[in-house]
There are 2 protein chains.
Amino acid sequence: MISVKAVASDRDTSRPMPMRPADLERVKALPLFSGASERLFRDVLAGCFLQRFPAGTTLLMEGDPVDFLYVLMDGSVELGASWNDKDTTLAILRPVSTFILAAVILDAESLMSARTIDRSDILMVSGEAMRRAAGEDAAFGFAVAQEMAGCYRGLVRAIKNQKLRGGLERLANYLITQRLRQGGGATFTLPHEKRMLASLLGMTPENFSRSLATLADYGVEIHGAEVTINRPATLERLAKPDPLIDNHQPVTDTVTGKAQRERWPLPNRDFRAA
Amino acid sequence: MISVKAVASDRDTSRPMPMRPADLERVKALPLFSGASERLFRDVLAGCFLQRFPAGTTLLMEGDPVDFLYVLMDGSVELGASWNDKDTTLAILRPVSTFILAAVILDAESLMSARTIDRSDILMVSGEAMRRAAGEDAAFGFAVAQEMAGCYRGLVRAIKNQKLRGGLERLANYLITQRLRQGGGATFTLPHEKRMLASLLGMTPENFSRSLATLADYGVEIHGAEVTINRPATLERLAKPDPLIDNHQPVTDTVTGKAQRERWPLPNRDFRAA
DNA sequence: TGAAGCGATTGACCCAAATCAAGGCGTAAC
DNA sequence: GTTACGCCTTGATTTGGGTCAATCGCTTCA
């Protein structure tokens with residue numbers, strides 16, 4: 001549970017934002033929309049709105065009906081779940097990402113909660129418009145199917161990671177993945193609070209801390225959020241990264257969708273529908 | 001690892017089967033295909049073939065390229081994964097189910113292995129035909145998206161089950177779910193070997209056995225594969241079933257797709273694209 | 001400049017689950 | 001029948017991870 005300071009300040013209230021042309025371009029660049037015709041794109045985004053939320057805002061609770069597809073334009077969002085007074089982090093999103101697409105497609109209640117981590121700008125797109133467009137436009141329907149397939153495969157990886165590996169191994173692989181995603185240098189920065197990473201990796205903050213300390217034996221130096229991997233080969237011998245669990249694709253400007261991440265590093269057979 | 005006795009018998013070799021009209025009807029009844037036109041259905045299934053496999057046949061290994069959508073018509077199939085000499089069961093399928101749809105849609109390698117548990121009849125549909133049809137026919141593309149969304153939500157439930165609950169709780173909820181799926185009577189039958197259920201629930205066979213014994217205190221009687229729940233309320237107090245984790249939908253003849261299961265028990269807002 | 005609050009760390013302890021080992025039971029092969 | 005093998009169960013032990021508690025350090029705010 002992260003509490004949010006209740007400050008009576010304008011900064012901390014959510015509010016509508018003007019939608020700039022640059023924002024539109026970034027949305028259009030998403031694989032989900034990049035194949036759409038100008039007309040379909042306008043139809044789907046008609047009535048959408050961009051909104052700024054303060055850090056710690058609950059966008060959606062588990063079980064809530066889902067009326068919008070959310071697109072994170074700026075900031076970061078945590079997807080989580082809870083049961084019986086326990087809770088866990090299922091994913092941490094960075095721009096530009098869509099979320100709760102599955103619930104939108106099925107017009108179902110959300111199985112996850114969504115909360116802003118930092119102040120975030122979020123585009124909200126009519127779920128009804130999404131469903132209508134996906135059912136009427138073959139190319140768009142296929143793009144939705146591909147995006148869903150990518151999300152599905154991300155979860156398969158997550159379950160394998162969770163069921164087959166121990167905490168230390170999950171952490172080691174997380175660090176290797178982060179290193180690659182941040183350019184591959186020896187030093188990089190943990191992108192979020194350690195407590196949240198612990199929850200994402202399915203461990204307590206205490207064990208996360210202890211596991212980080214253990215990794216010193218494998219050449220991992222920690223100073224605050226700064227991580228230095230001095231002996232990558234040693235760490236990999238422990239982590240045993242596997243392309244069928246870990247998605248080591250570096251983050252680029254041109255590749256942002258879950259489906260795209262899943263297709264890498266395969267050669268691009270005809271990707272979009274002919 | 002389940003070893004298969006190598007018996008030099010005709011029964012134990014896979015072989016093509018004639019596709020009966022009744023089989024076609026059962027495939028057509030799947031939500032994935034039920035909205036398709038006769039023409040699209042014929043196009044997609046052109047070149048498909050039905051094949052009978054003996055028990056224990058590996059249909060697909062992790063990392064294999066996926067050329068076909070598989071449809072389990074009869075028998076049962078285990079989807080699994082392994083890493084570092086450990087392995088785990090991700091799902092156990094019963095007819096009529098499709099599998100590895102996500103890999104087909106993205107033309108990607110499989111993240112899971114697939115193995116027959118019993119002798120099984122499996123329909124193999126060209127992945128290329130699936131992708132082409134999904135990209136050309138809006139209704140079919142949307143049906144694929146819905147099916148993927150249903151599969152996705154099934155995995156979200158699985159991760160929540162795994163990360164938020166302990167072994168005993170997972171078992172208790174599994175029993176409650178099985179009871180409902182088998183008609184809701186006090187007594188029902190475990191549908192698979194205990195060792196496989198243990199793997200599905202993320203525990204060792206030893207702990208599975210011990211956990212079953214523990215549940216005697218909660219009114220659960222075990223005789224072989226026969227389970228009797230004498231005090232459902234007591235068991236539920238332990239299990240704390242949650243509609244956002246457990247899918248308690250009873251199995252019916254008319255509802256078979258992953259997407260359909262996810263929509264229940266919501267009222268049917270216009271399901272198929274208008 | 002404190003004081004409060006929160007995240008991170010560390011240590012002591014406990015519990016759940018994995019491992020190792022042995023034995024029972026049912027089924028299939030000979 | 002009898003043997004062999006696989007599955008299941010049960011017990012003893014170990015281990016990974018969770019819980020509880022105390023402390024440190026940083027940031028925020030009065």
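What you see below is based on every heavy atom in this structure, not just the backbone, and it leaves out hydrogens, waters and symmetry mates. Numbers restart at 1 for each chain; the letters A, B, ... are given by sequence-line order, proteins then strands.
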Original post:
Measuring from A:L59:CG to A:S120:OG, what's the distance to the nearest 0.5 Å?
Top reply: 7.5 Å
**OP:** Quick one, give me the B/S/- string for nucleotides 8-17 of chain C, reading 5' to 3', where B means a protein heavy atom under 4.0 Å from the base and S means that only happens at the primed atoms, P, OP1 or OP2.
**Re:** SSBBB----S
**OP:** Show your working on ring pair (Phe, Tyr, Trp, His ring centres under 6.0 Å) between A:F68 and A:F99 and close with a plain yes or no.
**Re:** CA-CA 10 Å; A:F68 300 99; A:F99 52 106; over 10 Å; no
**OP:** Using atom CG of B:L190 as one end and atom C1' of D:dC7 as the other, report the distance to the nearest whole Å.
**Re:** 14 Å
Original post:
Who passes salt bridge (charged side-chain N to carboxylate O under 4.0 Å, His left out) against A:R170, sequence neighbours left out?
Top reply: none
Original post:
Nearest-Å distance, NZ (B:K163) to C1' (D:dG17)?
Top reply: 15 Å
Original post:
Testing A:I222, A:L215, A:T187 for side chain to side chain contact (heavy atoms under 4.5 Å, CB included) with A:V227, which one passes?
Top reply: A:I222
Original post:
What is the distance from NE2 of B:H223 to P of D:dC8, rounded to the nearest Å?
Top reply: 17 Å
Original post:
Where do A:F208 and A:T204 land on the side-chain contact (heavy atoms from CB on, under 4.5 Å) test, with the steps shown first?
Top reply: CA-CA 6 Å; A:F208 183 88; A:T204 58; over 6 Å; no
Subject >> Between P of C:dA18 and CG of B:D85, the distance in whole Å >> reply: 17 Å
**OP:** For the residue pair A:T189 and A:E226, confirm or rule out a side-chain donor-acceptor distance under 3.5 Å.
**Re:** yes
